Amino acid sequence: MASFVFKRLLMAIPTLLVLIVISFVLMYAAPGGPFTAERQLPPQVLANIEARYGLNDPLYVQIWHYMTGILTNFDFGPSFKYKDQTVNDVIGQGFPVTLTYGSIAFVFAVVIGSTLGIIAAMRQNSLVDYFAIGLSIVAQVLPTFVLAPILVLVFTLWLRWLPGGGWNGGQWPYLVMPVIALATSHLASVARIMRSSMLEVMRSQFIRTARAKGLPDRVIIFQHALKPALLPLLSYLGPAFVAMITGSVVIDLYFATGGIGQSFVQSALSRDYSVMMGITILIGTLTVAFNLIVDILYTWIDPKIKY
Amino acid sequence: MGKFTTYLAVGIIGLSMTSTLALAAGTHPVTGEALADEQVFTYRLSDEPTTFDPALAEDIIAFEVMRDLFEGLMNQDKDGNLVPGVATHFDTNADKTVYTFHLRDNAKWSDGKPVTAGDFVYAWRRALDPATASPYSWFMELMQLENGAEVIAGEMPPESLGITAIDDQTLEIRLTSSLPYFPQMTITPITFPLPEWTITQYGSDWTKPGNIVGNGAYVLTEHVLQERSVRERNPLYWNNDATILDKVVGLVINDENSGLIRFQAGELNWTQIPAGQFTQLHEEYPDTAKSFPRLCSEFYSFNLSDSGPEAFKDARVRRALSLAVDRSIITDRIMQGGQTPAYTFTPEATADFVLPEGGMRAMSQAERDTLAADLMREAGFGTDNPLTFKLLYNTRDDIKKTAIAMTQMWRQKLGVQVELVNMEWKTYLNAMGEQDFELGRNSWCGDYNDASTFLDLVTTRSGYNDGRYDNPEVDALMASAGTSDNSAAIYTQVEQIIEAEAPIIPVFHFAAASMMDPDLKNWPVNNVMMTWYSKDLYIAAD
C-alpha cells in the first residue's frame with residue numbers, strides 16, 4: 001500500500017509538469033495579452049511593463065523562471081491585472097471562500113443525495129421512489145444559472161430573508177443560497193448513482209443469502225449493502241469534491257462571493273497569465289490528490305481491490 | 001510677457017469652514033436638509049479595482065476609489081468645473097507652457113505629515129520611471145510634460161522631468177508645447193501626490209489597508225479582493241468639516257443583473273442598469289432610475305490601411321454607410337438607456353464644443369437614406385454589384401444587437417451584404433490594433449473634457465487611430481488647435497471633415513443609466529466626465 005501511494009505521488013510530478021507546460025503554451029497561444037487594452041499602450045510603455053514582468057524573455061525562459069519561483073519560494077508570481085496583488089494573495093483570499101461553501105455543499109449533496117437514493121432503491125417503483133427520482137431529475141435539469149436567480153428572487157426579493165449576494169466574512173446568511181445552488185445538481189447525481197448501484201447490490205447473491213438467513217432490512221442495508229454500493233459513488237465524488245471546493249463560476253459570479261471560480265474565469269478573459277496558471281495548478285494538484293484518496297478508499301471499501 | 005493669474009472658486013473654501021456646528025444637528029450645513037443618521041454609501045463595483053496605487057491605475061473603477069483616497073492639484077465640482085484641490089490657484093505664462101500651482105498650507109496626509117510640492121514631484125517622477133512600468137504613463141506624455149517621453153523611454157533620468165518644487169507650497173510644471181486644458185488633466189489619479197516614506201517602508205504592499213497613507217477625504221480601511229473595499233472618513237483631511245459621508249463601501253458585483261437585484265433588495269445605494277432595461281425601470285421607479293449623459297462615443301472604424309477593403313478607400317461609400325444608419329432606432333429601440341444619436345464624433349455635451357451647422361444632423365432619415373443611395377450608385381455599387389464586407393465586433397449582447405440592426409439597415413437601403421464576425425474581448429482588441437478587420441466596432445471615452453480627446457483619434461499620430469485614417473489637413477488643424485485662441489472653431493471644422501470623409505461612423509453617445517437611491521444627494525448629474533467625489537455626497541433622511 002505504501003509503495004502504491006509513493007508511486008502515485010511520484011506519478012503526480014510529471015502529470016503536473018505536463019499540465020503546467022501545456023497550460024502555459026495554450027495561454028500564450030491565445031490572441032492578445034494581459035496588457036492588450038482598448039487604448040493600446042505606446043510601444044515604449046508596453047516595453048517597460050513587459051520588462052517588469054519578464055514577458056520579453058523567450059517562452060522557455062519564462063517557464064523556467066516560473067517553475068524555479070514556485071519550487072524555491074512557493075512564489076507563483078504577481079498578478080498582471082491586480083497590480084497590488086500576488087497570485088498567492090488572489091488564491092489566499094478566494095480559495096477559503098469556495099472551500100467553505102463548497103465543503104458544506106458537498107456534505108449536503110452526499111448526505112441528502114445518498115439518503116434519497118437509498119430510500120428510492122429500497123422502495124423501488126413506489127411513490128417514495130417516484131418522488132425521490134422526480135426530485136433528483138428536477139434538480140439535475142435545473143442549471144445553476146437558473147436556480148440561482150430563482151433563489152434570489154424568492155429569498156431576497158420576496159421573503160427578504162437573505163442577502164442577495166456577497167460574502168461578508170462567510171456569515172451564515174451569505175452561505176445559504178450559494179450552498180443550496182451548488183449542492184442541488186450534485187445532490188441529484190448522487191441520488192441517481194446511489195439508487196442504481198444500491199438496486200444492483202440488492203439483487204446480488206450475498207444479499208439474497210442475508211435475506212435467507214432472516215436478517216432484518218436495517219442490518220442488510222447498512223452492514224452488507226451500503227459499502228459495496230458506495231464504490232461507483234466514490235469515483236464520482238472525488239472529482240466532484242474538487243469541482244465544488246474550487247468553486248463554480250456561476251455561483252461566484254451570481255452571488256458575488258469573491259471566490260476563486262470567478263478569479264479563474266476573469267483571469268482567462270483578461271489574460272492574467274499568472275493567476276490563471278496558479279489556479280490551474282491548484283485545481284490540478286487537488287484533482288490528483290483526491291483521485292489518490294479515492295483509490296485508497298476503494299481498498300477500504302472493497303478488500304478484493306489490491307494495489 | 002505678462003503673467004495671467006487664475007483664481008478659482010475661492011469662495012468654496014470659506015463655505016466649508018462654517019460647517020462643523022451644523023453637522024452635529026443632523027442637518028445639511030448648506031441646504032438645511034435633514035440627514036440620515038447613518039452616512040454610509042454602498043455601491044456596485046463592476047469589477048475589482050486593479051490597484052490602489054495612483055501611478056498604476058488605469059481603469060475608471062480604480063479612479064473613482066482613488067479620488068477618495070488621494071487628492072490632486074485640482075478637483076471638479078458637480079458641474080465639471082475645476083475647483084481647488086491641494087492647489088488653491090495657479091498661474092500660467094502667456095503661451096501656456098509653464099504652470100505654477102500654489103498649494104494650500106493646511107493639506108495633510110492621513111498620518112499627519114503636511115502635503116508638499118515635493119510629494120507631487122516624487123509622484124510624477126515615480127509614475128514615469130520605467131521601473132514603475134505604469135500602464136497609464138502615456139497620459140503624462142499627453143500632458144506634454146517636458147522630457148516626459150524621454151523619461152518613459154529610459155533616455156533621461158526621472159529627475160529631468162519638467163516638474164520642480166520651488167518651495168513646499170509652490171509647484172512649477174513645464175510643458176513642451178502649449179496646452180490650455182492642462183489644469184483639467186490634473187484631476188487624473190496618475191497626477192496625485194504620493195507619500196514617499198510609506199512607499200519606501202512597505203514597497204509593493206504600501207496600498208494594503210493599515211499601510212496606505214493618503215491625502216484624500218477617505219482612508220482605505222478594509223479590502224477583500226473580488227469582494228469589497230471599504231473607505232472611511234479621514235479626520236485629517238483639510239476640508240474634513242465639510243465631509244458628510246462617513247463610510248463608502250464598494251461591493252464587487254460583476255453581473256449587472258445581480259447588482260440590480262441587490263439594489264432592489266436595499267443592499268446598494270447605486271448600481272448600473274443593464275442595457276435595454278432603463279425604459280421599463282424608469283416607468284416603474286421614476287425617482288430612482290436615472291440616466292446621465294457621458295463623454296463617450298460608440299462608433300465604427302473603417303480600415304483604411306492597406307489591409308482594408310478597396311471599396312472603403314472611396315469616401316462616398318463610407319459616407320453612404322454612415323448616412324444609412326438610423327441612429328434613433330439604435331438608441332430608442334435597442335440601447336434604451338438615454339443614449340443620444342451621434343452625428344459627430346465629439347459628444348454634444350463636451351465643454352465648449354460647437355456642433356457643425358446643417359449636415360447630416362439637420363437632415364431627416366429619409367433624406368439621409370436618399371443621399372446614401374445616390375452616393376452608393378455614384379460609387380458604382382448596386383443590386384447587380386453589391387458591396388460586401390465583414391463587420392467585426394466584440395462579443396456582447398447589446399453590441400451584437402446594434403451590429404445586426406445596422407447590417408439590416410444597410411441591406412435594405414443599400415443592398416449591402418455584411419458578414420458579422422464576433423470575437424472575445426482581447427482577441428478583438430488584438431485584431432483591431434493590428435488592422436485585421438474591415439469595419440470594426442469601437443468606442444471611446446474622453447480622458448478630459450475637451451473635444452481634442454476625441455478628435456486626436458483621427459490624426460495620424462494617434463496610437464488609437466485603428467482605421468489608420470490619414471488626412472494631413474486634419475493633422476494640421478488639430479496641431480494648430482493647441483495654441484489657437486479659438487480652438488472651438490477648429491474642432492467644428494474637423495467634425496465637418498469627418499462627416500464628409502466618414503473615416504468613422506459615429507453611432508451614439510453613451511449615457512450612464514443608473515438605479516440611484518433617491519436619498520443619495522448631490523450626485524454630479526451634470527458632470528459628463530462622471531467625476532464624483534464621495535466627500536461631496538450625502539444621504540438625506542427618509
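Every chain is numbered from 1, with letters handed out A, B, ... down the list of sequences. Below, each value reflects all heavy atoms present in this structure, side chains not excepted, and no hydrogens, waters or symmetry copies. Since this is a predicted model, take the numbers as computed values, not measurements.
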Test your reading of the model: is there a side-chain donor-acceptor pair from [X] to the backbone of [Y], 3.5 Å cut-off?
X: B:N430; Y: A:T36; answer: no
X: B:K426; Y: A:A268; answer: no
X: B:D53; Y: A:D84; answer: no
X: B:E267; Y: A:G164; answer: yes
X: B:E227; Y: A:W167; answer: yes

Any side-chain heavy-atom pair from [X] and [Y] closer than 4.5 angstrom?
X: B:H223; Y: A:Q85; value: yes
X: B:F139; Y: A:V45; value: no
X: B:E48; Y: A:V90; value: no
X: B:R228; Y: A:N168; value: yes

Would you kindly say whether A:R271 and B:T427 are connected by a side-chain donor-acceptor distance under 3.5 Å? yes
Can you name the nearest heavy-atom pair linking [X] to [Y], along with the distance?
X: B:A133; Y: A:R52; value: CB-CD, 3.6 Å
X: A:K83; Y: B:T51; value: CB-CB, 4.2 Å
X: B:P135; Y: A:L41; value: O-CD2, 3.1 Å
X: B:L225; Y: A:Q93; value: N-OE1, 2.9 Å
X: A:A256; Y: B:R262; value: CB-NH1, 3.7 Å

Distance, nearest 0.5 Å, that separates CG of A:L153 from CD1 of B:I261: 6.5 Å
So OG1 of B:T395 and CG of A:L269: to nearest 0.5 Å the spacing works out to 10.0 Å
Top contributor to chain B interface from [options] [non-hydrogen pairs under 4.5 Å]:
options: A:S79, A:G94, A:A47, A:S270; result: A:S270
options: A:A30, A:G32, A:P34; result: A:G32
options: A:G259, A:P43, A:P163; result: A:P163

Relative to chain B, which segment of [X] carries a heavy atom at a distance below 4.5 Å: side chain, backbone, both, or neither?
X: A:L157; result: side chain
X: A:Q266; result: side chain
X: A:P42; result: side chain
X: A:S263; result: both

Which of the residues [options] is involved in the greatest number of heavy-atom pairs with chain A at under 4.5 angstrom?
options: B:A57, B:S258, B:P130; value: B:P130
options: B:M432, B:E141, B:K208; value: B:K208
options: B:L128, B:T207, B:N257; value: B:T207
options: B:S134, B:G259, B:S204, B:S443; value: B:S443
options: B:T132, B:N254, B:N394, B:D255; value: B:N254
options: B:A153, B:P49, B:S137; value: B:A153

Hey, is [atom1] on [X] packed in by over 12 heavy atoms from elsewhere, all under 6.0 Å?
X: A:L59; atom1: CG; result: yes
X: A:F145; atom1: CZ; result: no
X: A:Y53; atom1: OH; result: yes

Contact class of [X] relative to chain A, heavy atoms under 4.5 angstrom:
X: B:E58; answer: side chain
X: B:W138; answer: both
X: B:I253; answer: both
X: B:N442; answer: neither
X: B:A131; answer: backbone

A:V97 vs B:Q226, test: side chain to side chain contact (heavy atoms under 4.5 Å, CB included). Steps then yes/no. CA-CA 11 Å; A:V97 171; B:Q226 299 281 19; over 6 Å; no
